[in-house]
There are 2 protein chains.
Amino acid sequence: MSKHESRDTMSKSKRLLELMLTVNRKRKFTVKELALEFGVSSRTILRDLQELGELGVPLYSEVGPHGGYQVLNERILPPIAFTEEEAVALFFACHALRHYSYIPFETEASSALGKFYHYMSGDVRDRIDQMKNRVDFVVPARQAESPYLSVLLEAAVMQQTVRIGYKSQDTLSERNIQPIGIYASSGLWYCPAYCFLRGGVRLFRCDRIESVKEGDPVTKPLDLRSIHLDNWEDSFSDKSPNTRCRVQLSEEGVRVCEAELGRRGLLRVREDGTGWIDGDIPNSEIPYFARLFIGLGSDAEVTEPPELIECMRSKLKELLAKYDGQDQPSSPRT
Amino acid sequence: MSKHESRDTMSKSKRLLELMLTVNRKRKFTVKELALEFGVSSRTILRDLQELGELGVPLYSEVGPHGGYQVLNERILPPIAFTEEEAVALFFACHALRHYSYIPFETEASSALGKFYHYMSGDVRDRIDQMKNRVDFVVPARQAESPYLSVLLEAAVMQQTVRIGYKSQDTLSERNIQPIGIYASSGLWYCPAYCFLRGGVRLFRCDRIESVKEGDPVTKPLDLRSIHLDNWEDSFSDKSPNTRCRVQLSEEGVRVCEAELGRRGLLRVREDGTGWIDGDIPNSEIPYFARLFIGLGSDAEVTEPPELIECMRSKLKELLAKYDGQDQPSSPRT
DNA sequence: TATAATAGTGACAAGTATTGTCATAAAATA
DNA sequence: TATTTTATGACAATACTTGTCACTATTATA
């Protein structure tokens, strides 16, 4: 049963196009195979393949048993109809990626970008040239080193465990984890993962991962296929002791908190743009929140918990002591 | 002089491919025109065009003088060879755009994304499916409204002036500006522009632009073609009174400051990851910097200017008063 | 080493598709 | 109405495509 309409009465041009799609679907194939599928002789397929090669499809062949044709490395995308707006959007999406010094794809997107650009028709290209340095998506310039992104992503996709060396507050520890995924936020890469050391889901900062080895063969991977970036937080932070936290926020406060803890689902926003935080936070994060709300100044008003307020108070005192009654630093750095 | 090699001895298949490119370059054309260009008869071109139509190129024709063929709306990109890695990178670049609720392109990138996805061969698609919710580029979730992005961008590209209503610190003012470009940073859109009211380059936050009208016909556009996103800061902040600012930063402090003021060129980084700030800041921004460095706590150590330290001190005292000796808010909000 | 599987080339005849020409129609425009 | 343009049909000449056959070369494997 042929998937293609009337493959027996197909014109050469159409056959070539279909052939292009077919050889890209199956990367490896023999002449006879295609001849049967298309209902033409092997000789014809051979001629067609040669023509495809001249047209730019990178074909490679090997003779002998288990030999055959292969599409080298690259795939040909069939002709795609893009509107001008779409092409432009696509271009700038890729363009934005150039800000990331570390991305989990081995090939740089810039080569794809170049091809795209090269094949676009004249006036779209002109438009892009004009817009090129008039619109941008900025991410923080210098980013912490994260050389293991592709390994972590691969492990997440393949449901495998890896053994990482992780530096948290000057403590270097080694543990088996099974990554759930990776994401970039404010210039840093994060990796939520099941941690076999702690027996639960934890969030790791990729720049603090100092080494990645193959997973311990003893620790069997779990089935975490149903846990991914959109829902991993449900399985997170249920273990450590929590405290209820409530904070009133001004419009500006809402904006900052969205940037900082958008993914945690603690934040509620009123219609007028102001909002509040109400939810449980792990005790271990109290210092982090204290710093956040101090930075917000009058745009945040913490009402709970007392521990957080106390922590803020002590930090404030410390800072005040540092800057009070002096215009020179108390302990200059080297 | 034909751009194409041996157009007179071209096989039909090749001619069709070239034709596809040609009709997409010139969006409007007549049959006779193409016949001459390709060195074949009009009848042949007519037949070819019909075939192109059947192959999916959206052609439209009108008879009569000034009639002719048109490619409707969409462009066909010629077949492009992408490596698997490239295709994946391209996909995720577009995927990342979905976080932006406001982008300056009228068409959503998602439609381009859909087409891309649709035409990709099976196993690349599988790979993308598996990676889809395992890797992400996060930008702050809810973003301030910025409905005028495309107008501003258009004005920047076209070197035109626009008249905006701008809200800065509760003051609503109207002024003519000539946009230099737009960029997104930490969830907000910014628009550097020449401000005819202030007579210099200023930075505007797009969510504070309340209205955009056509530029005043009296204010003639300047030639700002040589000024764009990569260099506009050179023409910026030379007018307002500045003060030298010096701050020592820990590793963490460097990271935050890079995110906040990466584009200003004030920041220097040492090899060990720590760094310092040394440069002129406008006096008007002292409150902003005060808040920033208070938020950084012990990760920042301000040494200059005294005004900034004084500002921080007063803010600290205010905050301390707010949170001192109370566990309930002093003035609960409604 | 022999065998089978595979690509690759060349020649040729039969068949098929492509092309140009001519005729004609229809629509739009000036 | 004359002109420009798309659009369609018929037909013959030509060019291309295809299958078959014969043959070579390479490689893995029995």
Side-chain angles (χ1 to χ4, degrees), chain A residues 2 4-20 22-73, chain B residues 2 4-20 22-73:
Chain A
S2 172
H4 306 261
E5 39 153 354
S6 63
R7 250 190 178 170
D8 9 52
T9 61
M10 195 182 276
S11 79
K12 193 196 170 191
S13 326
K14 284 190 185 170
R15 195 182 59 234
L16 277 178
L17 271 170
E18 297 259 11
L19 205 55
M20 206 160 78
T22 305
V23 301
N24 276 294
R25 209 182 48 241
K26 24 172 110 183
R27 291 237 269 198
K28 209 165 184 301
F29 52 89
T30 68
V31 173
K32 196 190 270 180
E33 195 181 325
L34 291 183
L36 256 115
E37 195 174 334
F38 280 84
V40 294
S41 72
S42 298
R43 188 68 184 84
T44 304
I45 291 292
L46 268 170
R47 284 192 272 242
D48 284 352
L49 286 177
Q50 178 168 337
E51 199 156 340
L52 276 195
E54 283 163 15
L55 249 46
V57 184
L59 292 171
Y60 170 79
S61 63
E62 266 181 359
V63 298
H66 307 295
Y69 267 88
Q70 271 178 273
V71 184
L72 273 190
N73 204 11
Chain B
S2 171
H4 307 261
E5 40 156 349
S6 63
R7 250 192 177 168
D8 8 57
T9 61
M10 194 182 277
S11 78
K12 193 197 171 192
S13 327
K14 283 189 185 171
R15 196 181 58 233
L16 278 179
L17 272 170
E18 297 258 11
L19 204 54
M20 206 158 79
T22 306
V23 301
N24 277 293
R25 209 181 48 239
K26 25 172 107 182
R27 291 237 268 199
K28 208 166 185 306
F29 52 89
T30 68
V31 173
K32 196 189 270 180
E33 195 182 325
L34 291 183
L36 256 115
E37 195 174 334
F38 281 85
V40 293
S41 73
S42 298
R43 190 66 184 86
T44 304
I45 292 291
L46 269 170
R47 285 192 271 244
D48 284 352
L49 287 177
Q50 180 169 336
E51 199 155 342
L52 275 195
E54 284 163 15
L55 251 46
V57 185
L59 292 172
Y60 170 77
S61 64
E62 266 181 0
V63 299
H66 307 295
Y69 268 87
Q70 272 177 274
V71 183
L72 274 189
N73 202 14

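Convention: sequence-line order gives letters A, B, ...; per-chain numbering from 1.
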Checklist entry - Does any N or O donor sit under 3.5 Å from an N or O acceptor when you compare the side chain of A/R47 with the base of D/dG19? => result yes

Next on the checklist: Taking atom types as they are modelled, would you say the side chain of B/R43 forms a donor-acceptor pair with the base of D/dG9 within the 3.5 Å cutoff?
Outcome noted: yes

Checklist entry - Out of curiosity, A/F38 CZ to A/D48 CG, how far, rounded to the nearest 0.5 Å? => result 8.5 Å

Checklist entry - How many angstroms lie between CG in B/L34 and OG1 in B/T22, if you round to the nearest 0.5 Å? => result 7.0 Å

What is the distance, rounded to the nearest whole Å, between atom [atom1] of [X] and atom [atom2] of [N]?
{"X": "A/L34", "N": "C/dA7", "atom1": "CG", "atom2": "C1'", "value": "13 Å"}
{"X": "B/E51", "N": "C/dT18", "atom1": "CD", "atom2": "P", "value": "7 Å"}
{"X": "B/L16", "N": "C/dA17", "atom1": "CG", "atom2": "P", "value": "15 Å"}
{"X": "B/I45", "N": "D/dA7", "atom1": "CD1", "atom2": "P", "value": "13 Å"}
{"X": "A/E62", "N": "C/dG8", "atom1": "CD", "atom2": "P", "value": "11 Å"}
{"X": "B/L46", "N": "D/dG9", "atom1": "CG", "atom2": "P", "value": "12 Å"}
{"X": "B/L59", "N": "D/dA7", "atom1": "CG", "atom2": "P", "value": "9 Å"}
{"X": "B/D48", "N": "C/dA17", "atom1": "CG", "atom2": "P", "value": "16 Å"}

Checklist outcome for this item: Heavy-atom nearest nucleotide on DNA chain C taken for A/K12 and for A/Q50; more 5' hit belongs to A/Q50

Next on the checklist: Over all strands shown, is B/G67 touching base, sugar-phosphate only, or nothing at heavy-atom distances under 4.0 angstrom?
Outcome noted: nothing

Next on the checklist: Atom NZ of residue position B/K28 - does it have more than 12 heavy atoms of other residues, nucleotides or ligands inside 6.0 Å?
Outcome noted: yes

Checklist entry - What's the shortest heavy-atom distance between A/S13 and B/S13, and which atoms? => result OG-OG, 4.3 Å

side-chain N/O [X] vs [N] OP1/OP2, d < 4.0 Å:
{"X": "B/S42", "N": "C/dG20", "answer": "no"}
{"X": "A/S11", "N": "C/dA17", "answer": "no"}
{"X": "A/T44", "N": "D/dG19", "answer": "yes"}

Out of [options], which nucleotide sits closest to the side chain of [X]?
{"X": "B/T30", "options": "D/dT5, D/dT18, C/dA7", "result": "D/dT5"}
{"X": "B/S61", "options": "D/dA28, C/dG8, D/dA7", "result": "D/dA7"}
{"X": "A/V63", "options": "C/dT6, C/dT19, D/dG19", "result": "C/dT6"}

Item to check | Derivation of the side chain to side chain contact (heavy atoms under 4.5 Å, CB included) call for B/F29 and B/I45 | outcome: CA-CA 12 Å; B/F29 52 89; B/I45 292 291; over 6 Å; no

Checklist outcome for this item: Of B/S13 and A/P65, the one whose nearest nucleotide on DNA chain D sits closer to the 5' end is B/S13

